[in-house]
Amino acid sequence: MPRRGNTRVAELLRGLNEEQRAAVEAPIGPVLVLAGAGSGKTRVITHRIAYLIARYGVRPWNILAVTFTNKAAKEMKSRLEALLGQDVQPLNVGTFHSIFARLLRKEAYRFGYSQNFVIYDSDDQLQVVKKILNRLSLGQNSYPPQMVHALISRAKNNLVTPEQYKAQARDEFEANIARVYQEYNGFLKSSDAMDFDDLITLPVYLFREYPDVLEKYQNYFQHILIDEFQDTNVAQNELVLLLGSRHRSVFVVGDDDQSIYRWRGAEVRNILEFENAFPECQVFRLEKNYRSTRLILDAAHSVVKNNRHRKEKKLWTDREGGEPLTLIEAFDETDEAQQVVYLIQQEIKKHKRNFRDFVILYRTNAQSRAIEDALRRNGISYVIVGGIRFYERKEIKDFLAYLRVIANPLDEVSLLRIINVPPRGVGPATIRKLQEYASQKQTGLVEAMAAADEIPGIQSATRNNLKDLAGLLKKYRSLRDKIGLNELVRVLNEELGLSRMYRNEGTLESLSRAENIEELLAAIAEFCRNHEEATLESFLQEVALVTDIDNWNDTSNAVTLMTLHSAKGLEFPVVFITGMEEGLFPLSRSYQDPMDFEEERRLFYVGLTRAKEKVYLSWAQTRRRYADGFNNTLSTFVREIDERYIEPWSRESGYSTMRRRRPVRQKEEVEFEPMPEYENESQEKQLYIGCYVRHQVFGRGVVTEISGQGTGAKVKVLFEDGSEKKLVLEYARLEIL
DNA sequence: GAGCCACCCGTTTTT
DNA sequence: CGGGTGGCTC
């Protein structure tokens, strides 16, 4: 056994606590690490990798480490470099999506894909669904595209093929979904395109169909490490099992309390079943928290312990005490934002904090607007993560669509996007003629454009434009091998004149579009600087899989704004969680399914445990939703926090935010009234079909159906606004009238 | 084919 | 409220 670098081994174990060290030093084999928030999860994975290399002489390229974001992957690599003092580029570190996209570039030819397949983003995917629905004449009323798309995505994540979907279909609707699913896949394939789910599922099918390929990768990825294992879905789990079954060196780390992606197919069950899949597996627990004060941990625990579906565990810390949480009550979202800003300023004054010490979290992206306004008004610099992504802006997608068609002429969605941008006199009628011609001649749209002269019924100016566009695409296609990516995009931008066009338009909006395109060019230049062998294809792949959080730069001194989901894995000295209102957080849709409701609660838990020193919670009595206001009550989750850990904040005298819209109630009364009376009453009063009830969010209604018993009991209620909702009795807090 | 207007719909959360 | 779509007119 190679014994090189014993001192190095000792060195890298130093600084780990006993629990962490045990996991890192576990003999090679399947390992399950159940790690609480802030217990040093990522640290354990990083050190385990270093340990495999230093202690066993494992070659870096035989290691596969899956992180949740590209940013985490980058950080892991740089930490490893410091730890090992050697080049770690050969390591396979990345997200599931980026790692298997790379693998598919080499292997997907077996399924008829080229090396240059494109990756369709959600918007592209939706376009395809709409197109298919149209083709099959399925009305968008009974078949809402987003819903159909979600069903297809869920099927893919669960490794259900179109054929299986069809076989399992129980009614016409499902049978039709199966048809759409099938055609959707066909369309993607003929466009040489994959969606996000394909990047995971195709490797599974590849490994199942080609045992020799599986074996090749089993021997390549000999040691597998997965972070955030609680958020893997069925297909991802299958990949891990397939690849790991040979060498059985599979090291997974997760926390069931932090599972927040059930809605996109994640299965906490994967953690529990890991021990079945690998019976010889060793289990370790990390329960010491290094991040938060004792008080924050206790408060967070008093919330999450209300979940039925969790493994009981309690984090501990030697950071005793800490400041209590502060509850902010606001009139509306503007006032809420104003108070948050005021408190940030106070924190800076009193505790000498910097902007970068703060994060403001919210449940939905739409909430960011009011907060942004307040920050801007007060001259506080901020960065916002998520929301409308840079690469999803119209002008950026247009420019990228050109690049995508140049890389892959079969990419029909992208071609149709740019065929009339800038305007070329090409409308739906011309497109239809082109498509007819293409399918007649068994050729692509680009060829059809080049042959526009042969197609009757097209304006001659349009004809010339089409031929020009086909020529342009062809020209750049051959140019891409001759000049660098950076030059290519610059020349293309000159020739197309997109940024020039926007700049000349002169409106504020078009100016910002021009600037965005220029920013894209700068991003490409940067990409070329960082990647020596940068190609058009490699850039497009990078763009398809980056997320906002990957570009989030924590060195700039600014307050960070993001959703609770995006905050996973991060930490901040001071955390604000805004919009703590019934119906917003927890979101009202979650009342209908206890599993959804518990996921909301875990999301809150994730939010609380981001904080190192201080947590502020805020809620607004009214909040503008769409056009009109909305009356709120304080979130259940806030009321679940033990009273000992939280106190209300009242505006200091002399501090006036804005005109009071309505009289303020006594704060203490509002926040700390005991659980409402009717909660207990509902246990006693009999619920029956036809009886009148009141719901905190939906208002008055009549019970139309009761099903199930005990904790699973559900009621169907027809509300006054005409909507009918199925609610879980336990969470619905129905007042019986 | 393009541009303008009226309405409609929506909000989870993301790779 | 704001973006997107579909229908209408030129």
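Labels below follow one simple rule: chain letters A, B, ... track the order of the sequence lines, proteins then strands, and each chain is numbered from 1. All values below come from the heavy atoms of this structure, side chains included, with hydrogens, waters and symmetry mates left out. Predicted, not measured: the structure shown is a model, and the values here were computed from it.
In this structure, of dT14(B), dT15(B), dG1(B), it is dT15(B) that holds the atom nearest to the side chain of F196(A). The side chain of T364(A) approaches dT12(B) more closely than any other nucleotide in the set dT14(B), dG4(C), dT12(B). For K394(A), taking side-chain heavy atoms from C-beta onward, the closest of the listed nucleotides dT12(B), dA2(B), dG4(C) is dG4(C). For T95(A), whose side chain is taken as the heavy atoms from C-beta onward, the closest listed nucleotide among dG1(B), dT15(B), dT14(B) is dT15(B).
One finds no side-chain N or O of N233(A) lying less than 4.0 angstrom from the OP1 or OP2 phosphate oxygen of dT15(B). OP1 or OP2 of dT12(B) has not a single side-chain nitrogen or oxygen of T563(A) nearer than 4.0 Å.
When heavy atoms are screened at a 4.0 angstrom cut-off, D197(A) is found touching no nucleic acid atom at all. Residue S566(A) is classed as a sugar-phosphate contact, given heavy-atom separations below 4.0 Å to backbone atoms only. Among the atoms of the strands shown, none is found under 4.0 Å from any heavy atom of S98(A). Residue K568(A) is out of contact with every strand shown, counting any heavy-atom pair closer than 4.0 Å.
H565(A) has its NE2 atom 11 Å from the P atom of dT15(B), to the nearest Å. Rounded to a whole Å, the CD atom of E600(A) is 8 Å from the C1' atom of dT13(B). If you take CD of Q146(A) and P of dG10(B), they are 8 Å apart, rounded to a whole angstrom. In this structure, Q367(A) places its CD atom 13 Å from P of dT12(B), rounding to the nearest Å. With rounding to whole Å, R424(A) atom CZ is found 11 Å from dA2(B) atom P. Between the P atom of dG10(B) and the CE atom of M147(A) lies a distance of 12 Å, rounded to the nearest Å. Between the CZ atom of F597(A) and the P atom of dT13(B) there is a distance of 19 Å, rounded to whole Å. For the pair Q125(A) CD and dT14(B) C1', the interatomic distance rounds to 11 Å; values are reported in whole Å.
One N or O on the side chain of R610(A) and one on the backbone of L570(A) form a donor-acceptor pair closer than 3.5 Å.
Q541(A) and R105(A) form a side-chain donor-acceptor contact under 3.5 Å, judged by distance and modelled atom types alone. When only modelled atom types and interatomic distance are considered, S618(A) and E336(A) share a side-chain donor-acceptor pair under 3.5 Å.
Between F637(A) and F597(A), the gap from one ring centroid to the other is short of 6.0 Å. Note: F68(A) and Y261(A) meet the aromatic proximity criterion, with ring centroids under 6.0 Å apart.
Stacking here means ring centres nearer than 5.5 Å and ring planes tilted less than 30 degrees, and by that measure F96(A) does not stack onto dT15(B).
Taking the six-membered ring where the residue is Trp, F604(A) and F585(A) present perpendicular rings, their angle passing 60° and hence far from 30°.
With hydrogens and angles left out, the side chain of R589(A) and the base of dT12(B) share no donor-acceptor pair within 3.5 Å.
Two residues, A429(A) and N365(A), neighbour DNA chain B, and the one matched to the more 5' nucleotide by heavy-atom proximity is A429(A). Projected onto DNA chain B by closest heavy-atom contact, S122(A) and A366(A) fall at different nucleotides, the more 5' of which corresponds to A366(A).
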